[in-house]
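Order of appearance sets the numbers: ligands from 1, and atoms from 1 within every ligand. All values derive from a computational prediction rather than experimental measurement.
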Amino acid sequence: MSQSQHDINVLREQIATYGKSLFDRGLTMGASGNISQRLDDGGWLMTPTNACLGRLDPARISRLDAQGVLIDGDAPTKEHFLHRAMYDERPQSGAIVHLHSTHSVAVSCLPDVNPCECIPPLTAYYVMRVGKLPLVPYYMPGDPALGDAVRGLAGKHCAVLLANHGPVVAGKTLEAAVYATEELEETAKLFLLLQGKNPRGMTPEQVAELEARFGRP
Ligand SMILES: O=C(O)[C@@H](O)C(=O)COP(=O)(O)O
Ligand SMILES: [Zn+2]
């Protein structure tokens, strides 16, 4: 059964609350970033294009039907196809967060980043929340080709890093997607702090043990 209007309004409020929390902590700036939530009827709530995540009006959050047609609220983020590509490949995911969080963006600009795993497994929590983070080649924001590029990776990865742009992170719930985005940003910071220091990361055995115990994110 699909959600009631009341349930959808609660989800709208939740997007605005998390958006403000992320913005207030400097995890995204200006009108950058976007958030979406899958709905039971096959549609989505998405933040409107050019909206500041810190000042979202829940009533103006875009609601799209299962075909991606706007049925309520303002025009959606220009990355709607990127979010939809990720949902198509990840039926287990209920929400997606895209930010321009500083340290994650910095990693996305490094020349020698490993495109299969932009940040090594430095901590257990990173392995549990984010896992292997692939790099998506640079595309202009809003380019539909970005959706196709993400589609090829999203089935196996809950998070991807857009080159010279920022992270896109899916979670079972919006809370889970936000937590994973925060963990990614903190680990990107650690990774940058440790540049040139030859850090001791998690061993493949330790990573495998975590995956066996907690599953892949
Ligand atoms: O970087 C961009 O332009 C977009 O990816 C973005 O973060 C904000 O775009 P809108 O969601 O369309 O405002
Ligand atoms: Zn962006």
Ligand 1 polar-atom proximity to protein (N/O, under 3.5 Å):
unit_1	atom_1	unit_2	atom_2	d
ligand 1	1 (O)	His100	NE2	3.0
ligand 1	1 (O)	His165	NE2	2.9
ligand 1	3 (O)	Lys78	NZ	2.9
ligand 1	5 (O)	Glu79	OE2	2.5
ligand 1	5 (O)	His98	NE2	3.2
ligand 1	5 (O)	His165	NE2	3.1
ligand 1	7 (O)	Gly33	N	2.8
ligand 1	7 (O)	His98	NE2	3.3
ligand 1	7 (O)	His100	NE2	3.1
ligand 1	9 (O)	Lys78	NZ	3.0
ligand 1	11 (O)	Asn34	ND2	2.9
ligand 1	11 (O)	Thr77	OG1	2.7
ligand 1	12 (O)	Thr49	OG1	2.6
ligand 1	12 (O)	Lys78	N	2.9
ligand 1	12 (O)	Lys78	NZ	3.3
ligand 1	13 (O)	Asn50	N	2.7

Handout entry: Residue from Thr47, Thr28, Thr49, Thr77 passing side-chain hydrogen bond (donor to acceptor under 3.5 Å, both in side chains) with Asn34
Key = Thr77
Main-chain N/O of [Y] paired with [X] side-chain donor or acceptor, under 3.5 Å:
X: His157; Y: Lys132; answer: yes
X: Arg60; Y: Pro48; answer: no
X: Gln206; Y: Thr203; answer: yes
X: Arg216; Y: Glu211; answer: no
X: Gln92; Y: Lys172; answer: no

I need the [X] [atom1] to [Y] [atom2] distance, nearest 0.5 Å.
X: Leu99; Y: Glu185; atom1: CG; atom2: CD; value: 8.0 Å
X: Thr181; Y: Leu22; atom1: OG1; atom2: CG; value: 7.0 Å
X: Ile35; Y: His83; atom1: CD1; atom2: NE2; value: 9.0 Å

Completion exercise
Near the Zn ion (ligand 2), meaning under 2.8 Å, the protein N/O/S atoms are His98 NE2, His100 NE2, His165 NE2
